Amino acid sequence: MKNKAVTIAIIASIAFILAAIAIGIAYYMSKKPQKTVSVVGLVEKDFTSDLIVWEFDYSTKDMDMKQAYSKLKEQNEIVKAYLKKANISDKEIDFKKITTHPTYHSYYSNGHWVEDFDGYEASQTVRIESRDIEKIEALTRDIAELYDQNIMINNDNPEYYYTKLSDLKLQMLAEASQDAKNRAETITKNAGAKLGDLKSANMGVFQITKPNSSEESYTWGGAFNTSSKEKRASINMRLTYYVK
């Protein structure tokens, strides 16, 4: 009975020692620096916009506010007829809310500035949004007919967008990640090691710029070009892998 108790005590002691060793090894391995490799994958893609947005505005002026508003309504009808003639559908056109405000003529007299009431100005902004880019581009270059009818258009440059940007971004993220993994595999192979599991992944800034242009550059917040129909998107992924 005594021998049995001694045997059990010995076995328990050995088990305790082995458990302590296992815990010690695990602790040591957890504290031991693990080899890693960090790489950056980059992808660029050129694409063409599929949506154009063009805004322009015009105004009328009169000493009477109601007359200024009435004149602008008449001009609106002329603009609507002009856009209809150019085959611009109603769903592509948005006439913003008319704004009316008093104006003043300022001049310097007898040592101080004087403001004289100069009438009321009524303004109208029109926004056109279309998938037919060439049609709208042609329209922006040919508004002489409106000038001939005494409608002074303030013509802004059109803006260009891409409606499938989310899909493009997902595709580029996948390609940038694969590019980074390929780089990591090349580095570890040349170093005589093997690539382990992924430790972390961080997405860089998504940039959209005009191709082959020095007019703009990448920004920390992400450039988003709207002035060019042809665009270039770029994104990078930083991946960190364990090395075996």
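We number each residue from 1, following the sequence as shown. All values reported here derive from a predicted model rather than from experimental measurement.
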Checklist entry - Given the rule in the side chain to side chain donor-acceptor pair (under 3.5 Å) test, do Asn150 and Tyr58 qualify, once you have shown the distances and angles that lead to the verdict? => result CA-CA 10 Å; Asn150 295 320; Tyr58 48 93; over 6 Å; no

- Message: Less than 4.0 angstrom from a charged side-chain N to a carboxylate O is my criterion; do Glu74 and Lys71 meet it?
- Response: no

Problem - Near-ring test Phe117/Tyr120, centroid separation under 6.0 angstrom - result: yes

Over 12 foreign heavy atoms within 6.0 Å of NZ, Lys61:
yes

Between the CD atom in Glu92 and the CD1 atom in Ile136, the distance rounded to the nearest 0.5 Å is 5.5 Å

(Q) Can a donor-acceptor pair be found, under 3.5 Å and without considering hydrogens, that links the side chain of Asp94 to the backbone of Arg127? (A) no

Smallest heavy-atom separation, Glu121 atom then Thr103 atom, equals CB-CG2, 3.8 Å

In this structure, would Val37 and Leu198 fall into the same cluster of hydrophobic residues linked by side-chain contacts under 4.5 Å? yes

Q: Following the transitive rule for hydrophobic clusters with a side-chain heavy-atom cut-off under 4.5 Å over Ile, Leu, Val, Met, Phe, Trp and Tyr, establish whether Leu83 and Ile153 coincide in one cluster.
A: yes

Between Ser70 and Lys66, is there a donor-acceptor pair closer than 3.5 Å when you use the side chain of the first and the backbone of the second?
-> no

Correct closest heavy-atom pair for Tyr147 and Ile151 would be CD2-O, 3.4 Å

- Message: Please tell me whether Tyr162 and Asp167 have a donor and an acceptor in their side chains that are separated by less than 3.5 angstrom.
- Response: no

With a 4.5 Å cut-off on side-chain heavy atoms, are Val79 and Gln124 touching? no

Do Asn236 and Ser234 pair up side chain to side chain, a donor and an acceptor below 3.5 Å, judged on atom types alone? no

Minimum side-chain heavy-atom gap Val39-Asn182 below 4.5 Å: no

Please answer: with hydrophobic residues joined when any side-chain heavy atoms are less than 4.5 Å apart, are Ile78 and Ile93 in the same cluster?
-> yes

4.5 Å side-chain heavy-atom contact, Asn87 and Asp132: no

Item to complete: Kindly check if the number of other-residue, nucleotide or ligand heavy atoms within 6.0 Å of CG (Asp46) is above 12?
Response: yes

Cationic tip of Lys164 above Phe47 ring, under 6.0 Å, 45° of axis = no

Ser49 side-chain N/O to Leu51 backbone N/O, donor-acceptor pair under 3.5 Å:
no

Q: Using the rule that two of Ile, Leu, Val, Met, Phe, Trp, Tyr join whenever any of their side-chain heavy atoms come within less than 4.5 Å, decide whether Tyr241 and Ile187 are in one cluster.
A: yes

What one should report as the nearest heavy-atom pair of Ala201 and Leu239 is CB-CD2, 3.3 Å

Of Leu173, Leu42, Val40, the one forming a side-chain contact (heavy atoms from CB on, under 4.5 Å) with Met237 is Leu173

**Asked** Mind checking whether Ile88 and Lys135 have side chains closer than 4.5 Å, heavy atoms only?
**Response** yes

- Does the side chain of Lys194 reach to within under 4.5 Å of the side chain of Thr188, using non-hydrogen atoms? no

When Leu139, Val53, Thr140 are each screened for side-chain contact (heavy atoms from CB on, under 4.5 Å) with Ile128, the one that passes is Leu139

- Determine, stepwise, if the pair Thr60 / Asp62 fulfils side chain to side chain contact (heavy atoms under 4.5 Å, CB included). CA-CA 7 Å; Thr60 59; Asp62 197 277; over 6 Å; no

Using a strict 4.0 Å threshold on nitrogen-to-oxygen distance, state whether Lys85 and Glu145 make a salt bridge.
yes

Check whether any side-chain N or O of Tyr69 sits under 3.5 Å from a backbone N or O of Ala122 as a donor-acceptor pair, and report yes or no. no

- Message: Set out, in order, the CA-CA distance, both residues' side-chain angles and the distance that settles side chain to side chain donor-acceptor pair (under 3.5 Å) for Asn225 and Ser227, then state yes or no.
- Response: CA-CA 6 Å; Asn225 176 280; Ser227 63; 3.2 Å; yes

Could you check whether atom CG of Asn190 has more than 12 heavy atoms from other residues, nucleotides or ligands sitting under 6.0 Å from it? yes

Ignoring hydrogens and geometry beyond distance, is a side-chain donor-acceptor pair present between Tyr160 and Glu137 at under 3.5 Å?
yes

Over 60° means perpendicular and under 30° means parallel, so classify the ring planes of Trp113 and Tyr108, tilted if in between. perpendicular

